[in-house]
Asker: 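Structure incoming, see below.
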There are 2 protein chains.
Amino acid sequence: MPDVAPLANELRLAIHRMTRRMRQQHPTHDLTLTQISALAIIWREGPITAGDLAVREQVRPPSITRVVDGLESAGAVIRKDNPADGRQVLVEITEDGIRRMESYVEAREAWLAQLLAELPPKDRETLHRAAVILNELAGH
Amino acid sequence: MPDVAPLANELRLAIHRMTRRMRQQHPTHDLTLTQISALAIIWREGPITAGDLAVREQVRPPSITRVVDGLESAGAVIRKDNPADGRQVLVEITEDGIRRMESYVEAREAWLAQLLAELPPKDRETLHRAAVILNELAGH
DNA sequence: TATTGTTATACTCTATAACTATA
DNA sequence: TATAGTTATAGAGTATAACAATA
């Protein structure tokens, strides 16, 4: 088995620092990173129960309750009773939520996009492949 | 200019999910990710003022005060007055802190290391190069 | 009785503003 | 007056435990 400890360490620190850096950059938008992440799922895939959203976001039910609370307060989603099962709640994106996502995707990643645009194409290709690998790792 | 928005979005989500995943995996250790990150700097580079540590960690002074508080309570570092400037505090790693770092680096990344070990060597190389690129991006 | 979701509570990480001590 | 650091306070994000409503 290869000695992967240095890579694990290097990767962990790089991700940790990048997370902080992105969070610092984020406050220009009125939704948080976590809210955007959850909203993006609802946007792409349509109405989803709170429980399923928690699974998709890999958080516990109480955490997703808070995220949905924030999105609902912001007017980006609404909760609806599921007629098929009264215990469940369906979270749906609103017209306003759709507009926010479109605006976010188009305009709100200016900082990161600018940095990426300044990289050599080869580095962007590396980051794209890394993102795919990390998404798989995060699913384990 | 190339269309880097999809890459920015993909990268942000991948990093966000990986951060949560690592945090879930972490609690087996008694120091947090943030504490380990700061302690690693002191470990590698020796005593450092609180202000310089804040700059290195890219956080504000009050945040580094809390991190150092936690490390000091855990016995991993001690604060010392700087004889050269009474306003400054020098943060030094303790013998116990050194042992923790060694143990951490050796044993505490088993989860991530295991996942990495199962990857094709080419993917590990990709992640290594990505970590280098991300560290540079985070510094901007 | 089991499942779904929320509420109560707590801990980590971060920030801005105000303060203390020293230069 | 300026700088280094801490304290006070607040908000985001997460968790476990206890609870209510429904199946």
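Letters A, B, ... are given to chains in the order of the sequence lines, protein chains preceding strands, and every chain is numbered from 1. Only this structure's heavy atoms are used, side chains among them; waters, hydrogens and symmetry mates stay out.
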Asker: Nearest nucleotide by nearest heavy atom, which residue falls closer to the 5' end of DNA chain D, B/G51 or A/L33?
Answerer: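 Upstream on the strand: B/G51.
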Asker: Below 4.0 angstrom from OP1 or OP2 of C/dT14, is there any side-chain N or O of A/R20?
Answerer: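 A/R20 to C/dT14 OP1/OP2: side-chain N or O found under 4.0 Å.
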Asker: Looking only at side-chain atoms of B/V89, point me to the closest of C/dT4, D/dG5, C/dA15.
Answerer: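 The listed nucleotide nearest to B/V89's side chain is D/dG5.
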Asker: A/L53 has an atom CG; how far is it from atom C1' of C/dT4, in whole Å?
Answerer: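 Distance check: A/L53 CG to C/dT4 C1' gives 14 Å.
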Asker: Rounded to whole angstroms, how far apart are CG on B/L71 and C1' on C/dC13?
Answerer: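 The distance from CG of B/L71 to C1' of C/dC13 comes to 13 Å, rounded to the nearest Å.
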Asker: Whole Å only: how far is the CE atom of B/M22 from the P atom of D/dG13?
Answerer: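 It is 17 Å, rounded to the nearest whole Å.
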Asker: Establish, with yes or no, whether the OP1 or OP2 oxygen of D/dA12 is under 4.0 angstrom from a side-chain nitrogen or oxygen of A/T34.
Answerer: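 Answer is no, no contact under 4.0 Å.
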Asker: NA contact type, A/T65, heavy-atom cut-off 4.0 Å: base, sugar-phosphate, or nothing?
Answerer: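 Base contact.
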Asker: Which one, D/dT6, D/dT14, C/dG5, comes nearest to the side chain of A/Q88?
Answerer: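 Comparing D/dT6, D/dT14, C/dG5 against the side chain of A/Q88, the answer is C/dG5.
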Asker: Just so I know, are the side chains of B/L13 and A/I36 near enough to count as touching, which here means a heavy-atom distance under 4.5 Å?
Answerer: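 B/L13 vs A/I36: side chains apart.
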Asker: Quick one: A/N82 CG to D/dA21 C1', roughly how many Å, whole number?
Answerer: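 About 14 Å, once rounded to whole Å.
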Asker: Considering only side-chain heavy atoms of B/R79, which listed nucleotide, D/dT6, C/dT7, D/dA4, is closest?
Answerer: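 Looking only at heavy atoms from C-beta outward on B/R79, the closest nucleotide is D/dT6.
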Asker: Decide, yes or no, whether a salt bridge links A/D96 with A/R100 under the criterion of side-chain N to carboxylate O below 4.0 Å.
Answerer: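 Salt bridge between A/D96 and A/R100, a charged N being under 4.0 Å from a carboxylate O: yes.
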Asker: Go nucleotide by nucleotide along DNA chain D from the 5' end; which of B/A50 and B/H16 gets its closest nucleotide reached first?
Answerer: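 Its nearest nucleotide being more 5', the pick is B/A50.
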Asker: A/R79 and A/E92: salt bridge (Lys or Arg N to Asp or Glu O under 4.0 Å), yes or no, with the steps?
Answerer: CA-CA 6 Å; A/R79 284 177 166 96; A/E92 294 185 13; over 6 Å; no
Asker: Quickly work out the A/R87 CZ to D/dT22 P distance and round it to whole Å.
Answerer: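 About 11 Å, once rounded to whole Å.
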Asker: Identify whether any heavy atom of A/T32 sits under 4.0 Å from a base atom; if not, whether one sits that close to sugar-phosphate; answer base, sugar-phosphate or nothing.
Answerer: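 Sugar-phosphate contact only.
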Asker: Check whether more than 12 heavy atoms from other residues, nucleotides or ligands sit under 6.0 Å from atom CZ of A/R56, and answer yes or no.
Answerer: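 No, the 6.0 Å shell around CZ holds no more than 12 heavy atoms from other groups.
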Asker: Using atom CZ of A/R23 as one end and atom C1' of D/dT14 as the other, report the distance to the nearest whole Å.
Answerer: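 It is 11 Å, rounded to the nearest whole Å.
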Asker: Send over the distance from B/R66 CZ to D/dT6 P, rounded to a whole Å.
Answerer: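 B/R66 atom CZ is separated from D/dT6 atom P by 11 Å.
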Asker: From the list D/dT14, C/dA15, C/dG5, which nucleotide is the closest neighbour of the side chain of B/R60?
Answerer: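 Among the listed nucleotides, the one closest to the side chain of B/R60 is C/dA15.
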Asker: To the side chain of A/P62, which of C/dA21, C/dA2, D/dA17 is closest?
Answerer: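 The listed nucleotide nearest to A/P62's side chain is D/dA17.
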Asker: For A/D69 and C/dG5, give me the distance from atom CG to atom C1', rounded to whole Å.
Answerer: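 Nearest whole value for this atom pair: 11 Å.
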Asker: Of the nucleotides C/dT14, D/dG5, C/dT7, which one has an atom closest to the side chain of B/V59?
Answerer: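 Of the candidates, C/dT14 comes closest.
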Asker: Looking at A/D81, I'd like to know if its CG atom is crowded, meaning that more than 12 non-hydrogen atoms belonging to other residues, nucleotides or ligands lie closer than 6.0 Å.
Answerer: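 Not buried by this count: 12 neighbours or fewer within 6.0 Å.
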